[in-house]
K.L.:
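Starting off with a structure, shown below.
Below, chains carry the letters A, B, ... as their sequence lines are ordered, and counting in each starts from 1.
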2 protein chains.
Amino acid sequence: MTAFAPDPYDRDCPTRQLLDRIGDQWTVLIVGTLGDGPLRFTEIGKRVAGISQKMLTQTLRALVRDGILERRMYPEIPPRVEYELTDLGRDLAEPLGVLTEWATQHMDRVARAREEYDRAASGR
Amino acid sequence: MTAFAPDPYDRDCPTRQLLDRIGDQWTVLIVGTLGDGPLRFTEIGKRVAGISQKMLTQTLRALVRDGILERRMYPEIPPRVEYELTDLGRDLAEPLGVLTEWATQHMDRVARAREEYDRAASGR
DNA sequence: CTGCATCCTGCGCGATACTG
DNA sequence: CAGTATCGCGCAGGATGCAG
């Protein structure tokens with residue numbers, strides 16, 4: 001029996017769409033970071049080190065568009081903008097948390113598997 | 001308190017590595033497909049429609065290297081090769097299943113959020 | 001501070017052709 | 001059938017500069 005969704009082969013199936021979204025790693029990292037609560041633009045950028053300003057802007061906008069994040073703008077001088085998970089976003093954070101937990105628990109095994117594989121391959 | 005792993009900002013942290021892996025959607029789709037049991041190379045290609053032979057080969061090799069899949073070769077004429085989830089792979093399939101389930105349940109809300117967002121944006 | 005526009009480069013990936 | 005090898009393009013994404 002199939003462990004997964006109907007046909008992930010249909011370009012329009014939800015699974016595909018979600019994968020496209022979490023495909024860029026930034027989505028997952030940002031959602032994870034915001035699990036603590038709302039954060040300002042710059043603050044997110046500092047937490048998710050390595051992300052370019054362009055990708056940050058881009059990813060944030062996409063997430064707001066998807067209803068995962070809410071953007072709250074305070075028309076002050078200087079302007080302040082905060083991003084926060086919506087209910088939907090918090091809901092998504094949960095399965096993502098399961099995944100990251102899996103990662104932290106098993107990635108050492110993956111690392112060992114890689115070493116072994118590479119050693120075997122080079123030895124040939 | 002942080003909902004996620006230590007620092008996803010470290011390029012070497014397990015979370016990052018996993019994300020890189022599931023980043024290419026093919027990984028998730030292939031692991032999902034193999035949840036039913038072992039499959040032949042060509043069979044996987046047919047199930048995961050849209051994947052090029054190159055990406056199929058590439059992804060399969062990467063997954064074998066990571067110890068997620070096992071490659072079983074039968075030296076017959078014509079040659080037959082089967083891929084199967086390892087214990088580790090089956091273990092990964094579970095959290096992935098949770099994610100895809102989330103997708104099937106909530107992607108309609110995402111779709112609506114997008115429409116609304118686009119409508120508001122274009123109306124301006 | 002929080003963006004948006006532009007330019008530019010690398011390389012991911014598809015297409016194609018060839019082997020055992 | 002199950003791959004490897006090679007070429008070529010498209011576009012994701014980094015760097016830089018400007019705006020409100």
Side-chain angles (χ1 to χ4, degrees), chain A residues 8-9 11 16-17 19-30 33-34 38-66 69-84 117-118 120-122 124, chain B residues 8-9 11 16-17 19-30 33-34 38-66 69-84 117-118 120-122 124:
Chain A
Y9 328 123
R11 186 56 75 164
R16 272 289 176 87
Q17 296 192 27
L19 290 179
D20 288 346
R21 190 107 308 315
I22 68 170
D24 66 296
Q25 40 183 210
W26 304 125
T27 293
V28 181
L29 295 178
I30 289 176
T33 303
L34 289 176
L39 282 178
R40 306 185 52 169
F41 181 86
T42 309
E43 199 56 36
I44 301 176
K46 270 189 289 191
R47 292 226 197 173
V48 185
I51 190 173
S52 69
Q53 195 201 40
K54 180 179 179 178
M55 289 317 293
L56 182 56
T57 303
Q58 222 170 77
T59 310
L60 285 175
R61 182 141 24 98
L63 287 174
V64 170
R65 189 174 100 103
D66 287 355
L69 258 47
E70 185 186 355
R71 175 194 150 113
R72 202 147 28 220
M73 223 265 243
Y74 303 89
E76 308 168 350
I77 304 290
R80 181 163 59 100
V81 180
E82 282 185 354
Y83 293 88
E84 184 176 14
Y117 181 95
D118 292 344
S122 70
R124 186 168 23 109
Chain B
Y9 327 122
R11 188 56 73 162
R16 273 290 177 85
Q17 295 192 26
L19 291 179
D20 287 346
R21 190 105 311 314
I22 68 171
D24 65 298
Q25 39 184 209
W26 303 127
T27 294
V28 181
L29 296 178
I30 289 176
T33 303
L34 289 176
L39 283 178
R40 305 184 54 167
F41 181 86
T42 309
E43 199 56 36
I44 300 176
K46 270 189 289 193
R47 294 227 196 172
V48 184
I51 190 174
S52 67
Q53 196 201 38
K54 181 179 179 177
M55 288 317 292
L56 181 56
T57 303
Q58 223 170 77
T59 310
L60 285 175
R61 183 140 25 100
L63 286 173
V64 170
R65 188 175 102 105
D66 287 356
L69 259 47
E70 186 185 355
R71 176 193 148 113
R72 204 150 22 226
M73 223 267 243
Y74 302 88
E76 309 168 347
I77 304 289
R80 182 162 59 99
V81 179
E82 280 185 355
Y83 292 88
E84 185 176 14
Y117 182 95
D118 292 344
S122 69
R124 185 170 26 106

K.L.:
When the distance from CG of Asp24(A) to P of dG14(D) is rounded to whole Å, what number comes out?
P.N.:
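Atom CG in Asp24(A) sits about 11 Å away from atom P in dG14(D).
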K.L.:
To the nearest Å, give me how far apart NZ (Lys46(A)) and C1' (dC1(C)) are.
P.N.:
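Going from NZ in Lys46(A) over to C1' in dC1(C) covers 11 Å.
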K.L.:
Quick one: is dA2(D) close enough that its OP1 or OP2 comes under 4.0 Å of any side-chain N or O from Arg40(B)?
P.N.:
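Answer is yes, contact under 4.0 Å.
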K.L.:
Please determine, for the side chain of Arg71(B), which listed nucleotide (dC1(D), dG3(D), dC1(C)) has the closest atom?
P.N.:
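So the side chain of Arg71(B) is nearest to dG3(D).
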K.L.:
Please tabulate the protein-to-nucleotide N/O contacts below 3.5 Å involving nucleotides 15-20 of chain C, giving atom names and distances.
P.N.:
none

K.L.:
Atom CG in Leu34(B), atom CG in Leu63(B): separation rounded to 0.5 Å?
P.N.:
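Atom-to-atom, Leu34(B):CG and Leu63(B):CG are 8.5 Å apart.
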K.L.:
Distance check needed: dA2(D) C1' versus Glu76(B) CD, whole Å only.
P.N.:
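So the CD-C1' distance, Glu76(B) to dA2(D), works out to 13 Å.
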K.L.:
Would you kindly give the CG-to-P distance between Leu56(B) and dC1(D), to the nearest whole Å?
P.N.:
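Those two atoms, CG and P, are 13 Å apart.
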K.L.:
In whole angstroms, how far is the C1' atom of dT4(D) from the CE atom of Met73(B)?
P.N.:
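Rounded to whole Å, this separation is 13 Å.
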K.L.:
Which whole-number value in Å describes the distance from Asp20(A) CG to dA12(D) C1'?
P.N.:
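The distance from CG of Asp20(A) to C1' of dA12(D) comes to 14 Å, rounded to the nearest Å.
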K.L.:
Within the pair Arg61(A) and dG3(C), is there a side-chain N or O less than 4.0 Å away from OP1 or OP2?
P.N.:
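Looking at the OP1 and OP2 atoms of dG3(C), neither is under 4.0 Å from any side-chain N or O of Arg61(A).
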K.L.:
Can I get a per-line list of side-chain donor-acceptor pairs under 3.5 Å for residues 74-83 of chain A, giving both atom names and the distance, sequence neighbours left out?
P.N.:
unit_1: Glu76(A); atom_1: OE2; unit_2: Arg80(A); atom_2: NH2; d: 3.3
unit_1: Arg80(A); atom_1: NH1; unit_2: Glu82(A); atom_2: OE2; d: 3.3
unit_1: Tyr83(A); atom_1: OH; unit_2: Arg71(A); atom_2: NH1; d: 3.4

K.L.:
Grab the two heavy atoms, one from Asp24(A) and one from Arg21(A), that are nearest each other, plus how far apart they are.
P.N.:
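That closest heavy-atom pairing would be OD1-O, 2.5 Å.
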K.L.:
Under 4.5 Å between any side-chain heavy atoms of Leu29(A) and Arg47(A), yes or no?
P.N.:
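They are not in side-chain contact.
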K.L.:
Specify the residue among Ile51(B) and Pro78(A) whose closest nucleotide of DNA chain C lies further upstream toward the 5′ end.
P.N.:
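Of the two residues, Pro78(A) wins.
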K.L.:
Give the minimum heavy-atom separation between Thr27(B) and Ile22(B), together with the two atoms involved.
P.N.:
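Nearest heavy atoms, Thr27(B) then Ile22(B): CB-CA, 4.3 Å.
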K.L.:
For the residue pair Tyr117(A) and Val64(B), what are the closest heavy atoms and their distance?
P.N.:
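Result for this residue pair: CE1-CG1, 3.9 Å.
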K.L.:
With heavy atoms under 4.0 Å as the rule, sort Tyr74(B) into base, sugar-phosphate or nothing.
P.N.:
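The answer is nothing, as Tyr74(B) stays clear of every strand by at least 4.0 Å.
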K.L.:
Quick one: CG on Leu39(B) to CG on Leu60(B), what's the gap to the nearest 0.5 Å?
P.N.:
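Separation between the atoms: 10.5 Å.
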K.L.:
Can you check the Met55(B) CE to dG12(C) P distance for me, whole Å?
P.N.:
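After rounding, the reported distance stands at 9 Å.
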K.L.:
Rounded to the nearest angstrom, tell me the gap between atom CD in Gln58(B) and atom C1' in dG14(C).
P.N.:
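Result: 11 Å.
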